[in-house]
Amino acid sequence: MTEELFREDATLDRCEATIVAIEEAGIELDRTVFYPHGGGQAGDAGELLAEDGRVLPIADTRKGARAGQIVHVPAAGADLGLWRVGERVGARIDRDRRDAHRRFHSATHLLCALVPHPVDGCSITAAYARLDFHMNEPLDKAALNAGIARLVAGAHPVTHRWISEAELDANPGLVRSMSVQPPRGQGRVRVIEIAGVDLQPCGGTHVSNTAEIGAVVVTKIEKKSAMTRRVVLGFADG
Ligand SMILES: [Zn+2]
């Protein structure tokens, strides 16, 4: 099982690690800063660096078939034959891509605070984020943008902590998403708190303070079905 350094510190952009498995799908490390695609959030890209200077570009990160397995997926055409199990490597993520994920992901938590309806879909990429709410009332773009701007300007701290599964079961209202259930089976669940704004189980990567979200705005609101309103977020500064 890979040690998930990104769960405790989403600002870490590199670490030293040892290759523990090499499969067709990619490379597994004993520890990593690469977030694997999940919970609606895209996986990290970046590179693995050998001590002799070899560089393996990583195009994506995915969860493997085994529980807790994280697969670093090489870019198309990369030669895995040059890499060995037991080898020490540096693992370095694409910082700009991660920062976009952190900003958009945190902004989706602000949306959850502004729209008091269950979430039934979520996608977070470096270019945009979208959140589907289970509701039929119309949403007002200008009001949502004013709300986001207010919460970003409020500079609210964003923190995480771990609670027991029993504590989660005793507080079912904590689970905002209908489509993404918090990961189970480890006895504990990670909870993200934006002080006074939002509290929910989440395994993704976030900013440390809502001020870091910066100029994120609602670019589109769509009626996807009778009971689904989709809110799309983008960067106001491109
Ligand atoms: Zn989150």
Side-chain angles (χ1 to χ4, degrees), residues 4-13 32-44 61-63 68 70 93 95-134 144 147-148 151-152 154-165 167-168 171-186 188-214 216-218 230-235:
E4 303 176 336
L5 301 174
F6 51 86
R7 300 269 190 226
E8 293 300 333
D9 186 356
T11 66
L12 266 186
D13 63 0
T32 191
V33 289
F34 282 69
Y35 178 85
H37 178 98
Q41 183 179 323
D44 279 315
T61 312
R62 295 269 164 178
K63 289 176 180 164
I70 294 176
I93 58 167
R95 185 62 190 259
D96 290 343
R97 174 173 156 123
R98 162 65 70 80
D99 284 347
H101 293 167
R102 292 170 65 221
R103 290 172 64 193
F104 275 140
H105 189 135
S106 305
T108 64
H109 284 251
L110 301 187
L111 273 181
C112 285
L114 295 167
V115 181
H117 294 276
V119 173
D120 65 5
C122 172
S123 180
I124 294 155
T125 75
Y128 67 88
R130 60 175 169 74
L131 209 51
D132 293 339
F133 289 99
H134 185 73
L144 285 182
I148 291 170
L151 293 171
V152 169
H156 302 277
V158 182
T159 55
H160 75 271
R161 65 176 187 267
W162 297 86
I163 65 171
S164 68
E165 290 181 357
E167 198 178 334
L168 180 68
N171 297 278
L174 277 180
V175 182
R176 286 295 311 270
S177 174
M178 301 163 69
S179 64
V180 181
Q181 286 295 317
R184 293 253 178 183
Q186 299 177 339
R188 60 178 199 163
V189 172
R190 188 168 174 266
V191 179
I192 299 296
E193 178 161 34
I194 303 179
V197 178
D198 183 61
L199 174 68
Q200 59 178 298
C202 184
T205 61
H206 309 81
V207 295
S208 306
N209 186 293
T210 59
E212 295 172 42
I213 294 170
V216 169
V217 293
V218 175
R230 170 169 292 179
V231 179
V232 183
L233 297 169
F235 290 125

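Here the structure is a predicted model, which means the values were calculated and not measured. As the structure lists them, so they are numbered: ligands from 1, and atoms in each ligand from 1.
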*Derivation of the side chain to side chain donor-acceptor pair (under 3.5 Å) call for E167 and W162*: CA-CA 10 Å; E167 198 178 334; W162 297 86; over 6 Å; no
*Can you tell me if D132 uses its side chain to pair, donor with acceptor, with the backbone of D120 under 3.5 Å?*
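No; judged by distance alone, with no hydrogens or angles, the pair does not exist.
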*Kindly determine whether V217 and I148 satisfy side chain to side chain contact (heavy atoms under 4.5 Å, CB included), including the steps that lead there.*
CA-CA 7 Å; V217 293; I148 291 170; over 6 Å; no
*Any chance you could measure F34, atom CZ, to R98, atom CZ, to the nearest 0.5 Å?*
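It comes to 9.0 Å.
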*Kindly state each residue pair satisfying side-chain hydrogen bond (donor to acceptor under 3.5 Å, both in side chains) with at least one member in residues 106-115, sequence neighbours excluded.*
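Listed once each, the pairs are H105-H109, H109-D198, H109-Q200, H109-H206.
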*Taking 2.8 Å as the upper limit, name the protein N, O or S atoms near the Zn ion (ligand 1).*
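Listed by chain and number, the atoms are H105 NE2, H109 NE2, C202 SG, H206 NE2.
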*Begin from the C-alpha positions of V191 and L199 and carry the test side chain to side chain contact (heavy atoms under 4.5 Å, CB included) through to its verdict.*
CA-CA 7 Å; V191 179; L199 174 68; 3.1 Å; yes
